[in-house]
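Proteins come first, then strands; the chains are lettered A, B, ... in the order of their sequence lines, and each starts at number 1. In what follows, every heavy atom counts, from backbone to side chain, and hydrogens, waters and symmetry copies are set aside. Note that the coordinates shown come from a computational prediction; the quantities given were computed from them, not determined experimentally.
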Amino acid sequence: MAKSVKKPGKGGRTSKAAPTATRKAETARRAGGTSEETSRRKLERVRVPSTSARRDDSTEGRYVYCVIRSNEPLSFGPLGLGPEPSEVHTVHHRDIAAVVSKTPIVVQDPTRENVLRHQQVNETVMQKHTVIPMSFGTVFKTNDDIIELLRSAYDAFSDVLSKMQGKFEFGLKVLWDRDHIVREIEEDDEDIRRLKSEISSQKGSTYFARMQYGRLIDAALQSRSERYVAEIFDALRSVSVASRSNKPIGDKMIMNAAFLVSRQMEQAFDARVKEIGQQYDKLTFKYTGPWPPYNFVNIRLKLERAH
Amino acid sequence: MAVERAPGGTSLIDVLDRVLDKGIVIDAWVRVSLVGIDLITVEARIVVASIDTYLKYSEAVGSVAPISRPSPVAELPSSQVLSAENASLRAELAASRRRGRRRSTEG
């Protein structure tokens, strides 16, 4: 049985699985099948070993959207990703379940439509369940394979589901108008102001003055951006469980963060973000959510050849 | 400015930012070759390579410039450790200054 590594920040640990044969039997048993179902499944396995025979079987793959805690079989409607919207349903192991839909066994391209569909399913499931989102594009061949996924990473999933219970992610990007801030800095900083007038009035080479001016402006921009970001993080600390800071995109963005917020604190968080928006009237805020906790869960899995 | 909250699925960039490499990730190699593996249960097994949950509010994010991949909180010295170190360095500096001043007045 694979074990999860519970301490955050620690590297991966793997453990040997039970011998394949026993596990296979166990998986079939756990799948809840009668012996009849089990043998049918075995027949299916025998039926599809070669690539040529797989053609008519191409709709048999399962796209996985997320993992939730549930004992009941659930259905979320015809929201599935793929050529025709298929029913989104659950595949169970013990008290956890994968949310899946049938799809052709192909590598799904992250097109606009596919990616939004993936997100839409997660959003729908998230309304009533705590989800661990799956990254885009994971297709399994059979339900058994998914059950094997749930079984072997059960401890990790179960642990993370408990930790994420009743929590959502919110995104907050902060942008500024760089030119506007530069003008502000020039007004505030005497040295920079003097240098600037020197450059505009001086005849001949202004190379060194311009270099110096650029350096001072850069440093001032940097420290101002750090100050804003630190202040905003500080203001949101008491209304969130955790935060993550991602790399800002483009030169207008100074902050690209995600916050993990518990359900009870959602309104307080919302109100605080709006307050911050009024307080920093020169900054632009892009506030999104609720999201599944993408930025707060990182579960890496790999397949190993079984011996 | 007035800040309005937009639901998750409205910006493709925000969605892409998340779904491509976050959450539960199965190795890219596997995702591509999954098609070629007839039965994972027979030919391969799934192992948990690593798991991180970022629940602790990072003390560091507030004080440093945004970086692409913050290192795990556990690896950063806590602010207490840093401020203790800072204080002892200050004390040392002050002491050596005092010594220096004494020497210059004596000399």
Would you call [X] and [Y] a side-chain contact if the rule is heavy atoms closer than 4.5 Å?
X	Y	answer
A/N295	B/R18	yes
B/L16	A/F136	no
A/L116	B/V15	yes
B/V19	A/N122	no
A/N256	B/D17	yes
B/L12	A/V115	yes

Exercise. A/I132 versus chain B, heavy atoms under 4.5 Å apart: side chain, backbone, both or neither?
Worked result: both

Exercise. Using non-hydrogen atoms only, which part of A/L172 is less than 4.5 Å away from chain B: side chain, backbone, both, or neither?
Worked result: neither

Exercise. Closest heavy-atom contact between B/D21 and A/R300?
Worked result: O-NH2, 3.1 Å

Problem set entry | Least distance between heavy atoms, A/S135 atom then B/L20 atom | CB-O, 4.1 Å

For this session: Please step through side chain to side chain contact (heavy atoms under 4.5 Å, CB included) for the pair A/F140 and B/I26, ending with a clear verdict.
Result: CA-CA 11 Å; A/F140 286 86; B/I26 299 193; 3.5 Å; yes

Seminar exercise, completed: B/D14 meets the salt bridge (charged side-chain N to carboxylate O under 4.0 Å, His left out) criterion, sequence neighbours left out, with A/K173

Problem set entry | Non-neighbouring partners of A/E123 that pass salt bridge (charged side-chain N to carboxylate O under 4.0 Å, His left out), sequence neighbours left out | none

For this session: Would you indicate whether B/R90, at its atom CZ, is surrounded by more than 12 heavy atoms from other residues, nucleotides or ligands within a distance under 6.0 Å?
Result: no

For this session: Step through the shown structure and confirm whether more than 12 heavy atoms of other residues, nucleotides or ligands are within 6.0 Å of CG on B/L93.
Result: yes

Problem set entry | Inter-residue atom distance B/I13.CD1 - A/I249.CD1, 0.5 Å rounding | 7.0 Å

Exercise. So, B/R5 and A/E266, do they make that salt bridge, N to O below 4.0 Å?
Worked result: yes

For this session: Might you work through the side chain to side chain contact (heavy atoms under 4.5 Å, CB included) test for A/L301 and B/V25, ending with a clear yes or no?
Result: CA-CA 6 Å; A/L301 302 168; B/V25 182; over 6 Å; no

Exercise. For B/E4 and A/K286, what are the C-alpha separation, side-chain angles and deciding distance, and is it a salt bridge (Lys or Arg N to Asp or Glu O under 4.0 Å)?
Worked result: CA-CA 8 Å; B/E4 289 308 321; A/K286 301 221 161 144; over 6 Å; no

